[in-house]
Structures are given as C-alpha cells and as structure tokens.
Amino acid sequence: MAIASPSAPSFSASFCCSRTDFLTPSLRFSSIRFRTRPSAHPLTLSSRLNASSSSSTPSNGFEFDGDLQYELQHGVSSPYHRRRGSPVFVTLPLDVVSSSSGKMKRSKAMAQSFRALAAAGVEGVVMEVWWGLVERDFPTVYNWQGYLEIVLLAKRFGLKVKAVMAFHQCGTGPGDPFWISLPQWVLEEMDKKPDLAYSDRFGRRNMEYISLGCDVLPILYGRSPIQAYADFMRNFRDTFRPFLGSIITGIQVGMGPAGELRYPSCPTQKLTWAWRSRELGEFQCYDKYMLASLNACAWERGVREWANGGPIGAGNLMHDPESTEFFRSSGSWSTPYGEFFLEWYSGLLILHGERICREAESIFRGIEVNMSGKVAGIHWHYGTRSHPSELTAGYYNTSIRDGYLPIARVFGRYGFTMCCTCFEMQDAEEQQVNPLSSPEGLLKQLLLAARVCDIPLEGENSASNLDDDSFQQVLKMSKFYSDGLERPSFSFNFNRMDKNLFEYHNWVSFTRFVRHMSGFNTFRAKLDFGGGDSCHSSAAAASTGAVLAY
C-alpha cells in the first residue's frame, strides 16, 4: 500500500482545531540530544525515599544479599565490556518485583540469568517500573527497593538498563498471576469519580490508564495526572541519579495502555490476538471530560450537531468494516464530519504525548540518557481504506493520510526515540489467517516516519517467538530502517525473558541473533547440556541454573 502525504490537523489549547505548532511539516530534526553526565558522588537513599523500614532492615530501608550490599557501598566495577553495533536488550519478567514486598524475586535465578545474558553479548535489560507498585498505597510515597536491586545486579554483570515508566495496568484482573493495578489511591479516586476512566458508547469503563481528558485537572488529591507522572519521574531521577547515564542509559515513558501512545480501544489482553478476530475497536470518548472537549470543539467550529459523542454507524467490535456506515470504503470517515471527529480524537492523543514528552525532557535534561516513547503495532485492518482499528486507537492513519508522521515530529522535537513493535511478524504468515493484515506494511510506514524525522528507533517483538525465521525478520526490518543512513541509531528489545529463552535450541537461536545484531564475531556463550561438546562456559551454568530456578 502506498503511503500518502500527511494532511496534518491543527488544534488549540482548548483541544479544538486551530493548533498547528506541533503538527506542521518542518526540516529534519536532529538526533537524540547528548546530555552532560553528572559527576559521580556517593549513593544516599535514606533522605530520598519514603519506604517504611523496620528494626531489622538497614538504615536506608533496603535489604540486600551480601554481594549487592557490598557493591552498593563500594561500587564494584564490572568485568564485562560492551561491544559496538546495534545493541540487544532483554525485557525482564513481568513479576520480577514482588507486588507484596516490593523486592526482587528469585534473586539467585536472576543473577544466573544476568550472567548468561552478559556472556551472550546482550547489551542490557529492560526494566518495567510499575506506578502501581512504587507509589501503591499513598500519593508521593515511593518504594524503589526491588528496582534498585535490579539495577545493582545489572551493574554487577556489566549490563545496561532501560527503565520503562509504566503508568498503566498490567494483566486482566486480581486472578491474573501478572496482575498489577494502578495505585490503590488512584483506584479509590476512580471509584468515586467514574469519569476518570475511559468509557465507550456502551458505558463500559476501562481501568488500564487514566483518561487523557483530565490530563491537566487536579483530580488526584490536588494533582493532575500529568503532575503525578512528573513527580514519579522526578523521584526516580533523584533516587537513581548515581546510575543514570552509566548503568541506566534509557528511559521509556509510558503514555497509555501497555505503555503505548494510544487509546484503550480494545482491552490490552485481547490486542495480541485481536487481528485473528479482526476487531474494529471502540472509540473511547464518552467520559464527561472527553465529551466536554468534543462539545467545545464542535461549538467553536459552529457545528453543534457534532458535539454529542462519537461517530454513528461505527458498528461493533466484531463487525466487518464494509458492513458499517462509518468504516466502509466510502464511509463517513472521509466526510467533513469524519475528518472533524478524527482530527479532534487523534489530536488529543498527540497533545497527551507532547505533554508527557515535555515533562520528561525537562526532568531528565542534562543527563545522558536516551528518552523514548512507544507506538502500538495495530495492523489487522491495514489493508483497508479506512484502517478502522488504528482510528479507534487514536491513529488517524488511512489510505489517504499518514497518521504517524505527526507523532514522530513530536518525538523529534523533544529528543525522543520511537519504539515500534511487530518486528518479527511477516505478511505472508499473517495473511493466511487475515488477508487484510499487514504488519510489514505498518512497520515500514513507522520506520519511514522515523527516518523522515531523523529520530532514533527501538524495535520490539510482539510475541516471544524464538525461531530463526522470526530473528531473520527482525534483522531484515532493522536494515530497512538503517540502510543508507550515515549514523543509524537502532536498538532492539527482546520481549521477554523466561525459562524458554534458556532452553538449548532457543538459546542457540537467540545468541546467534545477538551476534548478528551486534556485529560481534567472537562468541563465547556456548551452552553444554551434557552432549558430545566438552566446551562449558559460564553461560551454560547460568542458563541451566536460571531454567531450574524459574
């Protein structure tokens, strides 16, 4: 599918359609800004943390094993050295930090796993820092213990850390083994004020992320959601300052459900498989804050009849787009009303992303860390004219309009890298089930947007496929972005570490992939599971130990 030139909407501060500053085409943006690394100084935690402590805990409120406590006090240097090339990071398990104690779980298995990753040439780990765990019980009371333990463990094995500021819910509910809700005090406020949650036309509330309609309103004990996110990031910066720029080299800032800049048009737990049922998604604009914004925009335009909610005739989640009045090829998405609504809906999402980028850039200014934001890979209706699933998620991307360039421009303005998923997916395979799906087409459009705006890129897989074909596809798509660039900046986040990664055949495929990505020819992470090969590296013991301990 050809990618059309963007027709950028415009918006005012009242969320209406007259703002042009952050969506107008411009010259190529410079790459990520280089920031001055702060001078090293001793680690002091007790004055920066509000975590409770007992008489059995050290005075700083943390408990460590002997090795980690020694490294905290003495700053043991790492014996490992990083290599040049496109670095590979590995996302840690969802339950790496205990939701009850706030400590790192399975510390011995984690140490063995980190040792194996380092021996394989992996650059570092991706650490999701959950708002619902750190600031769980009371506003501005933070407990960073488990995450500090992870950073110290990474330091011990010479691994870098990308920290994800996860301001969203994880899992489907309390029965989910990976369940992490929003902070309890936030949930209490959402129970009192249901309109803090997104809502669709059927009145179904989504609790994965606070509605962006109240971004700047003081609805959280006198703070706005944007202020709460900023305070969280600021406290993270102050607590982890000794590691920023040296161990912690990346900060990905969550901007919506699953950390992605989008609306929860389809529950996150269904998104991974949504393309198989070809769900359209639902517009999330029915809480009172979103409706007030839509009403104000319609009145300013002089079209009051457009102020009463989302599009009529959008079908339901399971409809064929061609059977709906709004999404069919000649549907009302391309009429003046459709253009008005989609510009408003997508414009609020972009404004939300810009607000968070502005806060994060200000908080981490002067620190040599790479800032990034994530865009969803919603590809299962990419072969239609209207791209309905992208529209309901907030991406005004159709066969005649590029909806991703405006997002890339915002990221470029604030020195952000763009993170994209679906790197392992192939059209030939996906279209056997859904002929309208095109993960490769969608990803190529995102990669071109990053190239046009001259911003660095992070790749990610959407499922934990560990076969050679998936890894070859990642290499192919990374070259699509990098080829022809004088100084391409690309890294890949493998999603995610579990016991399957360390099984022999999977480990062989993964380590071969790491070698190809990094361009490193000398490889020393060979595993020995008792076969004829007598070579037995430290990675072998690490890997088998990790498998047994998971």
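Atoms considered below: every heavy atom in the structure, side chains included; atoms not considered: hydrogens, waters and symmetry mates.
In this structure, the separation between CD on E503 and CG on D498 is 8.5 Å, given to the nearest 0.5 Å. Atoms CD1 and OH, on I378 and Y395 in that order, are 6.0 Å from each other to the nearest 0.5 Å.
In the model, S491 has a side-chain atom that pairs as donor or acceptor with a side-chain atom of K162 under 3.5 Å. Side chain to side chain, N493 and T91 fail the donor-acceptor criterion of an N or O pair below 3.5 Å. Looking at E390 and Y404, their side chains do bring a donor and an acceptor atom within 3.5 Å of each other. Checked by atom type, the side-chain pair E208/N206 shows a donor-acceptor distance below 3.5 Å. Under the 3.5 Å distance criterion, with hydrogens and angles disregarded, a donor-acceptor pair is assigned to the side chains of S462 and E424.
Here E361 pairs with R365 in a salt bridge; the nearest charged N to carboxylate O distance falls below 4.0 Å.
Relative to the ring axis of F89, K160 does not place its NZ or CZ within 45° and under 6.0 Å from the centre.
Considering only heavy atoms from C-beta on, S470 stays 4.5 Å or farther from N461 through its side chain. Between M517 and F492 there is a side-chain heavy-atom pair separated by less than 4.5 Å.
Although no hydrogens or angles enter the test, the distance criterion places a donor-acceptor pair under 3.5 Å between the side chain of R136 and the main chain of S99.
No option in I350, I226, V410 other than I226 meets the side-chain contact (heavy atoms from CB on, under 4.5 Å) test with R355. Tested against H379, the residues S389, S438, C422 include a single side-chain contact (heavy atoms from CB on, under 4.5 Å) partner, C422.
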Intermediate values then yes/no, side chain to side chain contact (heavy atoms under 4.5 Å, CB included), E135 and V186: CA-CA 10 Å; E135 198 180 354; V186 173; over 6 Å; no
Show the numbers, then the answer: is there a salt bridge (Lys or Arg N to Asp or Glu O under 4.0 Å) between R413 and E354? CA-CA 9 Å; R413 171 173 298 128; E354 186 180 34; 3.4 Å; yes
Could you walk me through whether E128 and K374 pass the salt bridge (Lys or Arg N to Asp or Glu O under 4.0 Å) test, one step at a time? CA-CA 13 Å; E128 291 155 318; K374 188 176 179 182; over 6 Å; no
I would like to know whether F236 and I363 meet side chain to side chain contact (heavy atoms under 4.5 Å, CB included); could you show each step before the answer? CA-CA 10 Å; F236 176 88; I363 290 167; over 6 Å; no
Please walk me through it: do W144 and V129 pass side chain to side chain contact (heavy atoms under 4.5 Å, CB included)? CA-CA 9 Å; W144 304 102; V129 183; 3.5 Å; yes
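Relative orientation of the F513 and F471 rings is parallel, given thresholds of 30° and 60° on the angle between their planes. Relative ring orientation between Y198 and Y209 is described as parallel, the plane-to-plane angle staying below 30° on a 0-90° scale split at 30° and 60°. Taking the six-membered ring where the residue is Trp, F423 and F490 present tilted rings, their angle falling between 30° and 60°.
Atom CZ of F480 is surrounded by more than 12 heavy atoms from other residues, nucleotides or ligands within 6.0 Å.
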